[in-house]
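The structure presented is a predicted model; accordingly, all values stated were derived computationally and were not measured. All residue numbers in this chain count up from 1 along the given sequence. Note that ligands are numbered from 1 as they come in the structure, with each ligand's atoms numbered from 1 the same way.
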Amino acid sequence: MRIKKKEAIAKLDKITAIVLKRGFFWPTAEIYGGKAGFYSYGHLGKAMKQKFEQLWRSHFFSNCKNYYEIEPSSILPEQVFIASGHLEHFNDPLIECKTCHFRFRADQFIEDNLKIKAEELTTEEMSNLIRKNKLKCPKCNSWHLSEVKWFNMMFPITLGAAGVKDLAHLTPETAQASYLAFKREFEATRKKLPLGIAIIGKAFRNEISPRQLFFRLREFTQAELQIFFDPDEINKLEKEEWKEISKYRLIMLPQKEKKVKEISCEETNKKLKLPKLYVKNMVLVQKFYLEKLKIPKNMFRFRELSEKEKAFYNKIHWDIELNLETIGGFKEVAGIHYRTDHDLLGHEKHSKQNLHVFWNNKKFIPHVLELSFGVDRNIWALMDLFYKEEKERTLFSFPLTVSPIDIAVFPLVNRESMPEKAKEVYNLLKQDFSCFYDETDSIGRRYRRQDEIGTPYCITIDNQTSKDNSVTIRELNSMEQKRVKIGTLLVELKNLK
Ligand code: GAP
C-alpha cells in the first residue's frame, strides 16, 4: 500500500534523525554547511556498507570459476572517455535563469511542474514545453530562462603542471577501468571466457541538481561486474544449468505492460526474447535481493527501459527497482546491461591496441554483460524498507547479512560479577562476529538502543548465569528470548548466520 506524501516525509525525517544521531552517515563538511551531493559514512554506515559489499562479492562470485576483483585508479586519461563515448554522450539537460543565473536540470524541472516524464525529450522539445507552459525560475520566479542545452556530467581535471595538455576525468563509472584491464587479466588468467572482472569503487558525476539523499550523489560507490563472453554463446547455457532455473519466476515489468508480472525464465527467453545468459544473471540478481537481502517480493521488480531511456552503450537494459516510500515509489538501485562490444571496440580503435581474443577456434572482440549496482542507493533502500515503528520502539529490522552490528552483549546489572562474565562472553564472540558491549542504563534502554540501529541479537548475562553458565539470546523482530549454555553459544549463533 502506498503511503501519503506527508507520511513519507515524516518517515524520511525520522530515519534521517536516527542515521545522523547514531553515526550511519552525515553531509560531508557538515560544520561548513555541507555540500549538495556528498555524504560521509560514520562507523555504523561503514560497517553496513562493508557487509553489503562482502555479501555482493560472495553472492555473485559463488558459482563462477573465472571471476576476479581488481582495484584500478579512479582518475583516467581523457582518451578513455573519448573512446567510451562519455565525453560526447554522458550529458544531462541544463537550463539557466537569465535573471538570477541559477542553473538546474531541465527534465526534472518539467517533471516537477508538469507531472510528465521528460527524460526522453530532446533539448528543443524541453525548451518548447518550458516556453509554452510559461514555467518560471524556481529560485527568483523570473520568466527569462535560457534554451535547454546539454551539460557533460564528468569532472574534468588537469594533471601535474603541464596545464591544459594533460587532461583527465574522475571516472563516472567503475566499468571503464575493467575494459582497460581486460587484456592483462585475460592473459594472466589463462585466456578463458567467460571472464568476470569486478570493481567495487568510487564513481563521480557532476550532477546538476543532486537530491534525494543517496539517490543523486556527486561521489558514490558502485559495485560492478563485467562479464566478457563469446557473443555466439549468449543464448547457450549448460543443459543442467538451464533446467535448474527454467521454471524460476522473475518479477518483471516489460515496456509493453502496465502491471508487474511473474514470468518463468523459459517464457522470458522465448516470449521476451532475452538471451539465456542475460536471464541467468537476472535470476542471480533477484535471488540476491529476495534471499540474501530479504527484500519482500512486492517491493522488488525488474523494469525494461524504453529505447530512449536506455544508456547510450546498451543493447538490452533492465533496471532493478525497489519500492521506497521515502523516495516516492519504485526507484532504480541497479541495472543489468548488455553492452555488446561497444567499449572494447572503442578502446581498440582509439588505443590502437589489439583487444581481440582467440577462443572457440575464432578471433573476435568479446561482448560484455554488466551487472551494475549503486552501493549507496542500496544502503538507503535497506533503511527505507526495514524501518519500523512499534508502540514502544523504532527499529531497523535488518537481516544479519547487512546489520552494522551482529550481536550486543549486556550484563543485566552492573554488579554481582555480571560485567566480568559479560566481558568474557564478548571476548568469546568478537573473533567471529561484530560485537558491541554495553553496561550503561537500564536493560530496557539498552535493548531499545540496539533495536534502533538494527542489531539482530542481544545476549544478556543475568542471575541465572552464575548458577548454570547460561545466557539469554533475544531476537530483534520477535523480541523472543531463549536460554543457551555459554558452551554452545558460538555454535548456536553461527547457525543463525
Ligand atoms: N556502468 C554502468 C552505469 O554506471 P548507471 O545506470 O549510470 O550505469 C549504475 O549507474 C548504478 O549506479 C545505478 O543503478 C545507481 O544505483 C547508481 N548511481 C548512478 N548514478 C548515481 C548517483 N548520481 N548517485 C548515486 N548512485 C548513482
Engineer: Surrounding CD of E244 (heavy atoms of other residues, nucleotides or ligands, distance under 6.0 Å), is the total greater than 12?
Structural biologist: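 No, CD of E244 has 12 or fewer neighbouring heavy atoms, counting only those of other groups under 6.0 Å.
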Engineer: If the test is side-chain hydrogen bond (donor to acceptor under 3.5 Å, both in side chains), which one of Q353, H356, K183 qualifies with E348?
Structural biologist: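 It is H356, the one option of Q353, H356, K183 that forms the side-chain hydrogen bond (donor to acceptor under 3.5 Å, both in side chains) with E348.
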Engineer: Within a 6.0 Å radius of atom NZ on K65, are there more than 12 heavy atoms belonging to other residues, nucleotides or ligands?
Structural biologist: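 Atom NZ in K65 is not packed in, count stays at 12 or less.
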Engineer: For ligand 1, which atoms have a heavy atom of A334 less than 4.0 angstrom away?
Structural biologist: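 Answer for ligand 1: 14 (O).
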Engineer: Which bit of R218 is near ligand 1, meaning a heavy atom under 4.0 Å away: side chain, backbone, both or neither?
Structural biologist: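 Neither; nothing of R218 gets under 4.0 Å from ligand 1.
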Engineer: Which value, rounded to the nearest 0.5 Å, describes the distance between S74 atom OG and H169 atom NE2?
Structural biologist: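 It comes to 14.5 Å.
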Engineer: Give the atom numbers and elements of ligand 1 that come within less than 4.0 Å of a heavy atom of R339.
Structural biologist: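 By the 4.0 Å cutoff, the relevant atoms are 1 (N), 2 (C).
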Engineer: Given D343, V333, L305, which has its nearest heavy atom closest to atom 16 (O) of ligand 1?
Structural biologist: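 Comparing heavy atoms across D343, V333, L305, the nearest one to atom 16 (O) of ligand 1 lies in V333.
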Engineer: Can you pull out the closest protein heavy atom to atom 25 (C) of ligand 1? Residue, atom name and distance to 0.1 Å, please.
Structural biologist: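 Its nearest protein heavy-atom neighbour is F214 O, 3.4 Å.
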Engineer: Could you tell me the residue and atom name of the protein heavy atom closest to atom 24 (N) of ligand 1, and the distance to it rounded to 0.1 Å?
Structural biologist: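 The answer is L217 N, 2.8 Å.
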Engineer: Classify the angle between the aromatic ring planes of F229 and H367 as parallel (below 30°), tilted (30 to 60°) or perpendicular (above 60°).
Structural biologist: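 Answer is perpendicular, since the angle exceeds 60°.
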Engineer: Run the numbers for me: atoms of ligand 1, each under 4.0 Å from some heavy atom of E207, listed by number.
Structural biologist: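 Within the 4.0 Å cut-off of E207, ligand 1 contributes 23 (N).
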Engineer: Is there a side-chain contact between F24 and I15 in this structure, where contact means two heavy atoms from C-beta onward sitting under 4.5 Å apart?
Structural biologist: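 F24 does not reach I15 side chain to side chain.
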Engineer: I'd like to check which ligand 1 atoms, numbered from 1 as shown, lie under 4.0 Å from a non-hydrogen atom of E370.
Structural biologist: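 So the atoms of ligand 1 that pass are 1 (N), 2 (C).
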Engineer: Taking side chain as C-beta onward, heavy atoms only, is F25 less than 4.5 Å from M48?
Structural biologist: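 Contact flag for F25/M48 side chains = no.
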Engineer: In terms of the angle between their ring planes, are F288 and F60 parallel, tilted or perpendicular, with boundaries placed at 30° and 60°?
Structural biologist: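 Answer is tilted, since the angle falls between 30° and 60°.
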Engineer: Would you call H317 a ligand 1 contact, heavy-atom distance under 4.0 Å?
Structural biologist: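 It does not; every heavy atom stays at 4.0 Å or beyond.
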Engineer: Just verifying a value: how many Å separate Y289 OH and L284 CG, rounded to the nearest 0.5 Å?
Structural biologist: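 So the OH of Y289 and the CG of L284 are separated by 12.0 Å.
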Engineer: With a 4.5 Å heavy-atom cut-off, do I200 and E224 have their side chains touching?
Structural biologist: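 With C-beta onward as the side chain, the pair stays apart.
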Engineer: Under 4.0 angstrom from ligand 1, any heavy atom of H337?
Structural biologist: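 True for this residue.
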Engineer: Looking only at protein heavy atoms, which one is nearest to atom 12 (O) of ligand 1, and how far off is it?
Structural biologist: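 For atom 12 (O) of ligand 1, the nearest protein heavy atom comes out as Q222 NE2, 3.3 Å.
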Engineer: What protein heavy atom sits nearest atom 26 (N) of ligand 1, and how far away is it?
Structural biologist: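 Scanning the protein heavy atoms, the shortest distance from atom 26 (N) of ligand 1 goes to R377 NE, 3.4 Å.
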Engineer: Should the pair H89 and F312 be assigned to parallel (<30°), tilted (30 to 60°) or perpendicular (>60°) ring geometry?
Structural biologist: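 H89 and F312: tilted rings.
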Engineer: For ligand 1, which atoms, with element, lie under 4.0 Å from some heavy atom of E173?
Structural biologist: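 By the 4.0 Å cutoff, the relevant atoms are 1 (N), 2 (C), 3 (C), 4 (O).
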Engineer: I'd like to check whether P172 has a polar contact with ligand 1, where a contact means an N/O of the residue lying under 3.5 Å from an N/O of the ligand.
Structural biologist: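 No, no N or O pair falls under 3.5 Å.
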Engineer: Which residue supplies the protein heavy atom nearest to atom 18 (N) of ligand 1, what is that atom called, and how far is it?
Structural biologist: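 Among all protein heavy atoms, the one nearest atom 18 (N) of ligand 1 is F220 CE1, 3.5 Å.
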Engineer: Which heavy atom of the protein is the closest neighbour of atom 6 (O) of ligand 1, given with residue, atom name and distance?
Structural biologist: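 In this structure, atom 6 (O) of ligand 1 has E332 OE2, 3.3 Å as its nearest protein heavy atom.
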Engineer: Considering E224, R205, M153, which one's heavy-atom position lies nearest to atom 5 (P) of ligand 1?
Structural biologist: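 Heavy atom nearest to atom 5 (P) of ligand 1 belongs to R205.
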Engineer: Regarding R339 and Y179, do their side chains bring together a donor and an acceptor under 3.5 Å, going by distance alone?
Structural biologist: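 Yes - a donor-acceptor pair under 3.5 Å links their side chains.
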Engineer: Rounded to the nearest 0.5 Å, how far apart are CG of D451 and CG of L476?
Structural biologist: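 Going from the CG atom of D451 to the CG atom of L476 covers 5.5 Å.
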Engineer: Could you list which atoms of ligand 1 come closer than 4.0 Å to a heavy atom of Y313?
Structural biologist: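 What qualifies from ligand 1 is 2 (C), 3 (C), 8 (O).
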Engineer: May I ask you to identify, for E321, whether its side chain, its backbone, both or neither come under 4.0 Å of ligand 1 on a heavy-atom basis?
Structural biologist: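 Contact part for E321 vs ligand 1: neither.
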Engineer: Could you check atom 9 (C) of ligand 1 against the protein and tell me its nearest heavy-atom contact, residue, atom and distance included?
Structural biologist: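 Here the closest protein heavy atom is S372 OG, 3.0 Å.
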Engineer: Among all protein non-hydrogen atoms, which one is nearest to atom 17 (C) of ligand 1, and what is the separation to 0.1 Å?
Structural biologist: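 So the nearest neighbour among protein heavy atoms is G374 CA, 3.6 Å.
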